[in-house]
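The structure appears right after this line, and notes come after that.
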Amino acid sequence: MTTTSNLSHIHRFVPGQDRQHPPLLLLHGTGGDENDLIGLGELVAPGRALISPRGKVLENGMPRFFRRLSEGVFDEEDLRRRASDLAGFIAEASEAYGLGAPVALGFSNGANIAAALLLLHPQALAGAVLLRPMTPLRSPPPAELGGKPVLMLSGAADPIVPAANAGALADVLRERGASVRHETLPAGHGLTQADVQQTKIWLAGL
Ligand code: MLT
């Protein structure tokens with residue numbers, strides 16, 4: 001299993017042995033890359049196929065999935081373009097590797113692009129685990145999420161994501177028909193054992 005650049009995003013692909021369940025699309029945080037969440041994916045969904053792209057935007061050398069103007073203030077034109085590119089990559093990877101629509105597992109910036117995918121390209125994902133997400137778009141378009149399962153895990157002491165912002169994202173997704181479970185953990189922006197446990201239990205029930 002190595003990093004490849006044969007598709008539109010540099011990525012890693014782990015074939016897995018479990019073809020009964022949807023693959024996971026791993027989306028790293030700012031400064032991460034395609035290697036970051038492989039271990040987490042193997043821990044929370046043993047045996048599943050894993051697709052892990054690297055974000056194409058560089059912020060002072062740190063990969064991200066879309067540009068931001070400052071912390072928590074997003075370049076929404078770029079976000080829309082990058083979400084469309086990522087939806088294209090998912091379609092390419094599904095074809096190349098013979099997979100169905102993945103469940104996204106995104107952390108921080110990766111959770112935010114996953115939320116944007118749900119709102120802008122809902123057909124690209126079978127569901128999503130959003131770890132420390134925030135609202136990606138000021139005026140989200142109408143979307144039909146048709147009961148798509150979404151787990152959101154926020155941190156009660158997160159210095160980057162205000163509780164009201166995460167709550168607004170849960171509302172927006174529910175209004176569009178997603179089946180959202182939103183938990184706030186005793187944590188900051190970083191991930192904890194509770195994130196791993198809750199994600200594993202939730203994914204097992206899909
Ligand atoms: C973002 O830019 O997506 C959020 O501020 C989270 C982060 O990456 O720090």
Side-chain angles (χ1 to χ4, degrees), residues 9-11 24-41 51-87 89-90 102-122 124-125 128-141 143 150-173 178 180 182-192 194-196 198-199:
H9 280 60
I10 293 171
H11 66 283
L24 293 189
L25 176 76
L26 304 173
L27 300 167
H28 62 78
T30 301
D33 65 19
E34 67 279 11
N35 299 304
D36 270 33
L37 298 185
I38 298 278
L40 178 64
I51 316 161
S52 186
R54 185 192 303 176
K56 285 185 166 185
V57 167
L58 284 181
E59 182 185 273
N60 301 322
M62 296 185 296
R64 288 176 50 84
F65 286 96
F66 58 88
R67 286 188 61 223
R68 63 180 164 183
L69 307 175
S70 59
E71 191 162 280
V73 182
F74 302 146
D75 176 341
E76 292 196 18
E77 196 183 319
D78 186 68
L79 169 56
R80 285 171 188 271
R81 185 160 68 85
R82 303 289 177 182
S84 169
D85 285 355
L86 190 57
F89 167 76
I90 295 167
V103 171
L105 172 59
F107 166 61
S108 190
N109 182 246
N112 298 339
I113 191 85
L117 275 176
L118 285 170
L119 294 166
L120 297 168
H121 302 279
L125 298 177
V129 178
L130 308 177
L131 304 172
R132 309 297 182 273
M134 58 195 296
T135 306
L137 296 160
R138 277 185 301 266
S139 302
V150 178
L151 174 65
M152 288 178 54
L153 297 179
S154 298
D158 189 332
I160 295 175
V161 185
N165 186 306
L169 174 60
D171 290 345
V172 161
L173 293 170
V180 179
H182 183 199
E183 303 280 341
T184 300
L185 304 174
H189 197 66
L191 300 181
T192 65
D195 289 278
V196 176
Q198 295 235 9
T199 300

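Numbering of ligands and ligand atoms starts at 1, following listing order.
Scanning both residues, V172 and P140, for their nearest heavy atoms gives CG1-CG, 3.8 Å.
Considering both main-chain and side-chain atoms, N109 comes within under 3.5 Å of ligand 1 through a nitrogen or oxygen pair. At under 3.5 Å, not a single nitrogen or oxygen of E71, backbone or side chain, sits near a nitrogen or oxygen of ligand 1.
Ligand 1 is approached by F74 to a heavy-atom distance shorter than 4.0 Å.
Using a 30° and 60° split on the angle between ring planes, F66 and F74 fall in the perpendicular class, above 60°.
Tested against E34, the residues H9, R54, H28, H11 include a single side-chain hydrogen bond (donor to acceptor under 3.5 Å, both in side chains) partner, R54. Tested against L131, the residues L40, L151, V196, L185 include a single side-chain contact (heavy atoms from CB on, under 4.5 Å) partner, L40.
Ion pairing between a basic and an acidic side chain is recognised when a charged N comes within 4.0 Å of a carboxylate O; D78 and R67 show no such pairing.
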Worked check of side chain to side chain contact (heavy atoms under 4.5 Å, CB included) between L130 and N112: CA-CA 8 Å; L130 308 177; N112 298 339; over 6 Å; no
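T135 places a side-chain N or O within donor-acceptor distance of the main-chain N or O of N165, the cut-off being under 3.5 Å.
The closest protein non-hydrogen atom to atom 4 (C) of ligand 1 is N112 ND2, 3.5 Å. For atom 9 (O) of ligand 1, the nearest non-hydrogen atom of the protein is R68 NH1, 3.2 Å. In this structure, atom 8 (O) of ligand 1 lies nearest to the protein heavy atom T30 OG1, 2.5 Å.
Applying the 4.0 Å criterion to heavy atoms of G72 picks out, from ligand 1, the atoms 5 (O). Each of the following atoms of ligand 1 lies closer than 4.0 Å to a heavy atom of S108: 6 (C), 7 (C), 8 (O), 9 (O).
Residue-level proximity to ligand 1 for R64 is carried by the side chain, the only part with a heavy atom below 4.0 angstrom.
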